[in-house]
Undergrad: 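Before we start, here is the structure in question, set down as C-alpha cells.
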Amino acid sequence: MTTEQRYESAKEIYKAIGVDTEAAIAKLQKFPISMHCWQGDDVVGFDHEGPLSGGIQTTGNYPGKATTPEELMADIDQALSLIPGKHRLNLHASYAIFEPGEFVDRDKLEPKHFQKWVDFAKQRGIGIDFNPTFFSHDKVVNGLTLSSPIKEVRDFWIRHGIVCLKIAEYFATELGTPCELNYWIPDGYKDVPADRTAPRARFKDSMDQILATPYDKSKVLVALESKVFGIGVESYTVGSSEFTVNYAARNGILSLMDNGHYHPTEVVSDKIPSMLLFNDKIALHVTRGVRWDSDHVVIFDDETKEIAKEIVRNDAMDRVLLGLDFFDASINRISAWVVGMRNMQKAMLFALLQPNEKLAKLQNDSEFTELMMLQEELKLYPFGDVWNYFCKTNGVPEKEDWFAEVQKYEKDVLSKRL
Ligand code: RNT
Ligand code: ZN
C-alpha cells in the first residue's frame with residue numbers, strides 16, 4: 001500500500017471516533033518549534049575557549065561537532081531538511097559571530113554580531129529566539145551572576161541582559177516575527193546556604209534594572225526560566241520556580257518551564273493548565289531528564305505526549321512558545337536534533353488525533369472505566385500512517401528513511417572535520 005492509501009484508511013478509522021485527521025494535520029503544519037542551536041556543538045558557542053559551566057553538562061565525544069559558524073549553519077540546514085514543517089532557530093548570546101581577530105565581551109555585544117544569523121534566517125524564512133548567556137565565562141564569580149554580592153559582577157551581567165534586549169529587538173525587526181528572549185541564570189550554592197533571601201533579592205533587583213530599559217514589548221517576549229538544582233549547585237538555586245513564576249506574573253513577562261527543572265516525580269504537563277489559566281502565553285523547554293536534569297534527546301515518551309495533550313486540549317497552540325533544550329554529545333548531533341524535533345511533532349500530532357471532547361465528557365460523566373479503556377485502545381490507532389503522510393506532504397523522508405541522509409552527511413562532511 002502507498003503512503004496515501006494507508007493515510008486514507010487511517011482517516012476513516014479516526015473519523016469513526018470523531019477525529020478529523022485533516023484538521024489535525026493543518027494545525028500541526030502551523031506549529032513552529034524553536035530548535036536550539038546548542039545541540040550542534042555541545043553548548044560551546046564561538047566567544048570563549050573554556051569549558052561549559054553553570055551546572056549543566058554535556059557527556060560524550062562523538063566526532064564531527066561544529067566548531068565554526070559555517071559548520072553549525074550547515075548542520076542546522078541538514079537537520080531542518082529532515083524535519084517536516086517550518087520552525088524557528090533558538091540562539092544563545094555565546095554564538096555571536098566576530099570578524100577575524102575581533103573579540104567583544106558579553107556586555108558589549110551588538111546586533112551586528114548576529115547579522116550573519118539574521119541573513120541565515122532570512123534566506124530560510126524562519127524566526128529567531130534568543131538567550132543571554134550567563135555561563136561559561138570568567139565573570140561568573142563563585143557560580144554567581146545577577147545575584148552576586150559583588151556589584152561589579154552584577155553590573156557586568158546586567159549590561160549583558162540589556163544588550164540582549166536590543167539584539168532580540170533587532171531579530172524581531174529584521175525577521176518580522178517576535179523574538180522570545182529567555183533569561184536563565186545558573187546561580188546557586190553547592191551546600192546549605194545561610195541566607196536564602198539576599199541572593200534572590202539581588203537577582204530581583206538585577207532583573208528590574210534590565211527590564212527598566214525600554215524595549216518594544218510587541219517584538220520581544222521576555223521569559224524567565226526556573227530551575228531546581230544543577231551540578232555543583234545542589235542545595236540552593238536562586239532562580240527557583242516560586243521566584244520566577246512570581247517575578248514573571250508581577251512584571252508582565254513570560255514564565256518558562258523546562259521539564260528537566262523539577263523534582264523527579266513533578267511533571268510540567270500538570271503545570272501547563274494552571275499556568276494557562278493565569279497567563280496569556282507561557283514558554284516551555286522540552287527536554288528529557290534521565291534520573292537528573294541530564295538533557296537527553298526528546299523521545300516519544302509518556303510525559304512528552306502529556307505535555308502535547310495539555311497544549312492541544314487547552315486550545316493553546318498559539319499561546320505556548322515551545323523550544324527544545326537537550327544536548328547529547330555521545331551520538332551524531334544532527335540525528336539528535338532530528339529525533340528530538342520529529343518526536344515533539346509526533347507528540348503534538350498524537351495529541352491532535354485524540355477524541356479530546358469525547359474523553360473529557362467521559363471524565364465529566366464519571367465514566368472512568370470507559371475512559372481508561374478508550375485512552376489505552378487509542379494508543380494503537382494508526383497514528384504512524386498519518387505521521388508518514390504528513391512527512392511526505394512536507395517533502396521530508398518518512399519513517400526511518402531520513403537516517404540514510406544523516407549517514408551520508410556524516411561520511412561526506414562530519415568525518416572530514418576530524
Ligand atoms: C539550563 C537551562 C538552560 C540551558 C540553555 C543552554 O539548565 O535549561 O535553558 O539549557 O540555555
Ligand atoms: Zn532550559
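Note that ligands are numbered from 1 as they come in the structure, with each ligand's atoms numbered from 1 the same way. Quick caveat: nothing in here was measured; it's all calculated off a predicted structure.
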Undergrad: Testing Tyr7, Tyr389, Tyr14 for side-chain hydrogen bond (donor to acceptor under 3.5 Å, both in side chains) with Thr21, which one passes?
TA: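 Single pass found, and it is Tyr7.
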
Undergrad: Check for me whether the distance between the ring centres of Phe98 and Phe46 falls short of 6.0 Å.
TA: no

Undergrad: List the steps, then state whether side chain to side chain contact (heavy atoms under 4.5 Å, CB included) holds for Trp157 with Arg106.
TA: CA-CA 8 Å; Trp157 291 110; Arg106 301 244 175 102; 3.8 Å; yes

Undergrad: Using 2.8 Å as the cut-off, note every protein N, O or S atom close to the Zn ion (ligand 2).
TA: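 Correct list: Glu225 OE2, Asp258 OD2, His285 ND1, Asp325 OD2.
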
Undergrad: Measure from the ring center of His36 to the ring center of Phe327 and say whether it is less than 6.0 Å.
TA: no

Undergrad: Name the one of Phe130, Phe134, Phe135 that satisfies ring-ring contact (aromatic ring centres under 6.0 Å, His included) with His92?
TA: Phe135

Undergrad: Please report the closest heavy-atom contact between Gly64 and Arg417, naming both atoms and the distance.
TA: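 The pair with the smallest heavy-atom distance is O-NH1, 3.0 Å.
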
Undergrad: Run through all N or O atoms in ligand 1 and write down each protein N or O closer than 3.5 Å, as a pair with its distance.
TA:
unit_1, atom_1, unit_2, atom_2, d
ligand 1, 7 (O), Lys227, NZ, 2.6
ligand 1, 7 (O), His261, NE2, 2.9
ligand 1, 8 (O), Glu225, OE2, 3.0
ligand 1, 8 (O), Asp258, OD2, 3.0
ligand 1, 8 (O), His261, NE2, 3.1
ligand 1, 8 (O), Asp325, OD2, 2.7
ligand 1, 9 (O), Glu225, OE1, 2.7
ligand 1, 9 (O), Glu225, OE2, 3.2
ligand 1, 9 (O), His285, ND1, 3.2
ligand 1, 9 (O), Asp325, OD2, 3.0
ligand 1, 10 (O), Asp325, OD1, 3.1
ligand 1, 10 (O), Asp325, OD2, 2.8
ligand 1, 11 (O), His92, NE2, 2.7

Undergrad: Can we say Arg124 and Asp77 salt-bridge, meaning some charged N sits less than 4.0 Å from an Asp/Glu carboxylate O?
TA: yes

Undergrad: Is it true that Lys271 and Glu310 have a side-chain N and a carboxylate O under 4.0 angstrom from each other?
TA: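 Salt bridge flag = no for Glu310 with Lys271.
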
Undergrad: Quick check, are the ring centers of Phe300 and Phe383 under 6.0 angstrom apart?
TA: yes

